[in-house]
Structures are given as structure tokens and as C-alpha cells.
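For reference, the structure is listed below as C-alpha cells.
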Number of protein chains: 2
Amino acid sequence: MLTPLPGEGDLGLVDALAQLTFAVQGALGRIAAEHDVSVPAARLLGIVRDRQPTIGELATFLQLDKSSVTGLVDRAAERGLVTRVASPVDRRSVRVAITAEGRELIDSGAADLEAEIALLVADLTPAQRTRLSVLASRIVAADARRRGFDIHATRATGGLSGGEARA
Amino acid sequence: MLTPLPGEGDLGLVDALAQLTFAVQGALGRIAAEHDVSVPAARLLGIVRDRQPTIGELATFLQLDKSSVTGLVDRAAERGLVTRVASPVDRRSVRVAITAEGRELIDSGAADLEAEIALLVADLTPAQRTRLSVLASRIVAADARRRGFDIHATRATGGLSGGEARA
DNA sequence: TATTGTTATACTCTATAACTATA
DNA sequence: TATAGTTATAGAGTATAACAATA
């Protein structure tokens with residue numbers, strides 16, 4: 001048993017985390033839809049907001065195949081949200097950069113997400129919110145470490161960044 | 001500010017929750033893939049594991065369009081994981097029931113998920129895990145209430161059930 | 001030879017609109 | 001008329017396999 005003596009109204013750790021996940025993903029999906037982008041596209045913007053990763057790095061960050069990232073970047077580029085920048089050192093490689101329009105979108109979306117999360121945790125006391133934040137951070141940091149990512153490179157990206165990595 | 005005085009290593013509530021979400025969804029995705037199903041299909045199985053909802057009810061639970069649910073059920077039925085049962089009271093309506101094969105798959109997947117979550121929270125003390133479970137449960141319950149769902153109808157579905165509803 | 005990225009292809013998921021059949 | 005569900009269609013996301021360009 002993962003949860004020793006689950007109390008009244010406690011779903012148990014597994015169900016509680018899974019359902020929390022669906023609730024947060026739902027919020028992300030609604031916000032992304034309001035801005036006419038998909039969740040993966042929003043996540044891409046969250047990452048390139050602070051970096052200019054290569055396609056391969058993005059594939060690692062997002063745990064997707066390179067070809068999937070090609071398509072993701074294609075569609076975001078068609079919409080003017082990102083651009084491909086030729087690498088000066090390796091002519092096989094490209095770096096993905098955010099545009100002004102893309103930055104505007106992700107900044108606005110991040111603010112919306114903060115508001116949605118505030119709603120979601122409205123029932124918790126400030127102390128409980130801090131506790132949750134600390135516990136979630138610890139889990140994410142451990143997971144990132146396990147996967148070889150450097151979570152401390154993370155900035156406040158509105159949470160749309162997903163896993164962060166060191167180049 | 002949602003997070004009063006974020007401490008060392010604290011990502012802040014928004015980023016911590018969002019990234020936790022991606023980590024859990026990643027685990028869900030890996031497990032589903034191991035069983036050769038998609039995450040939405042696994043979620044469908046998690047719901048029909050304990051109920052025989054109509055297409056419309058599923059659409060409400062999953063926050064999807066009816067036509068999306070039709071496709072989801074079509075593909076799951078082709079694979080022998082669920083079946084459509086004619087409603088005796090309303091001949092327009094169908095109920096979706098899980099098959100023995102579907103049940104086997106979801107039971108096995110739920111066990112895998114429990115193991116993955118255990119890994120994810122390996123760094124936490126038992127007391128911290130309980131605390132996290134309680135906080136997450138409270139958030140999910142409040143969200144469900146807000147959306148008009150009855151979370152207390154929930155059973156241990158391996159967390160694959162998503163939002164629960166009263167018929 | 002190995003790596004970076006793209007292309008071709010196929011499947012799943014999703015929504016909108018139009019439809020059928022019941023109620 | 002209204003409701004339950006399906007079909008037709010289109011677009012996004014994803015992976016695999018094969019490929020071109022460069023290292």
C-alpha cells in the first residue's frame with residue numbers, strides 16, 4: 001500500500017494524483033484552446049520562451065520522436081509563433097526561437113494558467129499551498145534527476161515548459 | 001502571488017503542479033503504450049471498469065464531444081476491450097460495457113501505474129505521501145464539486161478514471 | 001560511418017456539421 | 001421538436017522507416 005490509512009475523503013495517492021493530473025491538464029487544454037493552440041504547441045512555446053534548443057534537444061525535453069518535433073515546429077512556424085535559426089557551428093542543426101507573437105501568446109497563457117491554478121487550490125490554506133508546492137517540486141526534481149534533466153535551470157515559465165534540460 | 005515565499009528548490013505552485021502533471025501523464029503514457037492502448041482508451045477502460053455509462057454520459061465525464069466518444073468506443077470495441085449493450089428502456093441509447101479482456105488490461109495497467117507512482121514519490125517520507133494524497137484529494141474533490149460531479153462515487157480505479165459523475 | 005533533421009506514411013484523437021432513429 | 005448516437009470530413013499529434021545533408 002502506498003497510502004498508509006487513507007482517511008475520510010482520501011482517494012489514495014494513485015487516484016488522487018491521476019485525477020489531479022486530469023484536472024490540471026483540463027485547465028491547460030482550456031487555456032490553450034482559448035488561444036487557439038494545442039497543449040503540445042503551448043508546451044513548445046513554454047520551452048523556447050527562455051531558450052533556443054535544437055530539434056533533437058526538444059525531442060529529448062518533450063520525450064517525442066524527432067519527426068514529431070519537426071511537425072510541431074512546422075505548424076508553430078506556419079502560425080508565426082516560432083522560427084528556425086540556422087546553427088553557425090553545425091550546418092545540420094537548427095535552433096528554434098520564439099517570435100514576438102509567440103512570446104505574447106505564452107505570456108498571456110501563463111497568466112491565465114496562474115489564475116486557473118489559483119481557482120483549483122482556492123480551498124487550501126496558504127500553508128497548505130506552500131506544502132503542496134514543496135512536495136510537488138521535490139517529486140519533479142527527483143524525476144528530472146532520474147531522467148538526467150537539470151530542473152534548476154527552470155525559470156517561471158507559467159508551468160508550460162514541462163521537463164527542462166541542460167544543453 | 002500564489003506561493004508565499006517559495007523556498008530553496010521550490011518551483012512555485014504553478015510550475016510545480018504543471019510539471020508534476022507532465023510527469024504523471026508521462027507515466028500514464030508509457031504504461032498505456034506498453035499495453036498497446038492510447039491514454040484516452042485507457043481512461044475509457046478505467047471508467048467502464050465499474051459502470052456501464054451511455055455515450056452521452058461518457059462525453060460528459062471525459063469532456064469530449066459525443067462523436068469523439070463514438071470513435072473512442074469504436075476502436076476499443078474493434079479491439080475487443082468493450083462492447084455496446086442496447087438499452088432496454090430507450091432504444092436510441094447504448095451502454096458501454098467492459099469485456100473480460102478489457103478488464104484484464106485495465107487491472108494490469110492499474111497495478112503498473114501504482115508501481116510507477118511509487119517510484120515517483122520514492123523520495124518522500126510516508127507522512128509526506130499521506131499529506132500529498134490528502135491535499136490532492138481535496139483539490140480534486142473541490143474541482144469535481146465545482147463541475148457538478150460526485151467524486152465520492154469513485155472507487156480505486158487505478159486513477160485511470162478521471163472525473164466521475166452521478167448518472 | 002554517425003548524426004541532424006526532414007519526408008512519406010499511417011493511425012489515433014478531436015471537433016463541427018449533417019444525418020438517422022427514436023422519443 | 002428534441003434527444004441519442006453515428007457518419008463524413010478535416011486537422012493536429014504521434015511513431016516508424018527511409019532519406020538527404022553534414023560531420
Side-chain angles (χ1 to χ4, degrees), chain A residues 22 25-26 28-30 32-45 47-48 52-79 81-97 162 167, chain B residues 22 25-26 28-45 47-48 52-79 81-97 160 162 167:
Chain A
F22 286 126
Q25 286 284 320
L28 274 171
R30 285 191 298 278
E34 278 167 25
H35 291 272
D36 272 303
V37 290
S38 65
V39 171
R43 208 176 162 200
L44 169 66
L45 290 181
I47 293 174
V48 299
Q52 295 196 355
T54 65
I55 299 288
E57 284 167 353
L58 281 170
T60 303
F61 300 174
L62 296 169
Q63 310 204 52
L64 294 176
D65 189 84
K66 295 175 300 177
S67 64
S68 303
V69 175
T70 292
L72 208 51
V73 171
D74 279 350
R75 290 182 294 271
E78 273 166 28
R79 296 209 23 198
L81 304 173
V82 302
T83 51
R84 283 181 169 86
V85 180
S87 165
V89 292
D90 186 339
R91 286 195 309 187
R92 293 171 303 180
S93 191
V94 269
R95 298 210 158 259
V96 180
Chain B
F22 287 126
Q25 286 283 321
L28 274 170
R30 285 191 298 277
I31 293 166
E34 278 167 25
H35 290 273
D36 272 303
V37 290
S38 66
V39 171
R43 209 176 161 200
L44 169 65
L45 290 181
I47 293 175
V48 300
Q52 296 196 356
T54 64
I55 299 287
E57 285 167 353
L58 281 170
T60 302
F61 299 174
L62 296 169
Q63 309 203 53
L64 294 176
D65 188 85
K66 295 176 301 177
S67 64
S68 303
V69 175
T70 293
L72 208 51
V73 171
D74 279 350
R75 291 183 293 270
E78 273 166 28
R79 295 211 23 199
L81 304 174
V82 302
T83 51
R84 283 180 169 88
V85 179
S87 164
V89 293
D90 186 338
R91 286 195 308 188
R92 294 171 304 180
S93 191
V94 272
R95 298 209 160 260
V96 179
L160 294 171

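So you know, we letter chains A, B, ... as the sequences are listed, proteins then strands, and number each from 1.
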(request) Rounded to the nearest angstrom, tell me the gap between atom CZ in B:Arg30 and atom P in D:dT14. (result) 15 Å

(message) Please classify the nucleic acid contact of B:Val94 as base, sugar-phosphate, or nothing, using heavy-atom distances under 4.0 Å.
(response) sugar-phosphate

(request) Quickly work out the B:Ile55 CD1 to C:dA21 P distance and round it to whole Å. (result) 18 Å

Identify every side-chain donor-acceptor pair in residues 69-76 of chain A under 3.5 Å, counting partners at least two apart or on other chains, and give the distances.
residue: A:Thr70; atom: OG1; partner: A:Lys66; partner atom: O; Å: 3.3
residue: A:Asp74; atom: OD1; partner: A:Arg84; partner atom: NH1; Å: 3.1
residue: A:Asp74; atom: OD1; partner: A:Arg84; partner atom: NH2; Å: 2.9

(message) Under the rule for side-chain contact (heavy atoms from CB on, under 4.5 Å), what residues qualify as partners of A:Ala97, not counting sequence neighbours?
(response) A:Gln52, A:Thr83, A:Val85

(request) Apply salt bridge (Lys or Arg N to Asp or Glu O under 4.0 Å) to B:Arg30 and list each qualifying residue two or more places apart in sequence or on a separate chain. (result) B:Glu116

(message) Expressed as a whole number of angstroms, how long is the span from B:Asp74:CG to D:dA8:P?
(response) 11 Å

(message) Can you confirm whether A:Thr60 sits close enough to A:Glu57 that some side-chain heavy atom of one is under 4.5 Å from a side-chain heavy atom of the other?
(response) no

(message) From CG of A:Asp36 over to P of C:dA15, roughly how many Å is that when rounded to an integer?
(response) 14 Å

(message) So B:Ser87, base contact, sugar-phosphate only, or nothing? Heavy-atom distance under 4.0 Å.
(response) nothing

(request) Let me know the distance between CG of B:Leu64 and P of D:dT6, rounded to the nearest Å. (result) 14 Å

Pairs: protein N or O with nucleotides 17-23 of chain D N or O, under 3.5 Å:
residue: D:dA23; atom: OP1; partner: A:Arg91; partner atom: N; Å: 3.0

(request) Quick one: list whatever passes salt bridge (Lys or Arg N to Asp or Glu O under 4.0 Å) with B:Arg92, sequence neighbours left out. (result) B:Asp90

(request) Grab the CZ-P distance between B:Arg75 and D:dT7 for me, whole Å please. (result) 13 Å

(message) It should be established whether A:Ser93 places a side-chain nitrogen or oxygen under 4.0 Å from OP1 or OP2 of nucleotide C:dG5.
(response) yes

(message) The criterion is side-chain contact (heavy atoms from CB on, under 4.5 Å); which residues satisfy it with A:Ser67, sequence neighbours excluded?
(response) A:Asp65

(message) Heavy atoms only, 4.0 Å cut-off, all strands: where does B:Gly71 land among base, sugar-phosphate and nothing?
(response) nothing

(request) May I have the distance from A:Gln63 (atom CD) to D:dA15 (atom C1'), rounded to whole angstrom? (result) 15 Å

(request) Specify the separation, in whole Å, of atom CZ of A:Arg84 and atom P of C:dT4. (result) 16 Å

(request) For residues B:Leu81 and B:Leu44, determine if any side-chain heavy atom of one lies less than 4.5 Å from a side-chain heavy atom of the other. (result) no

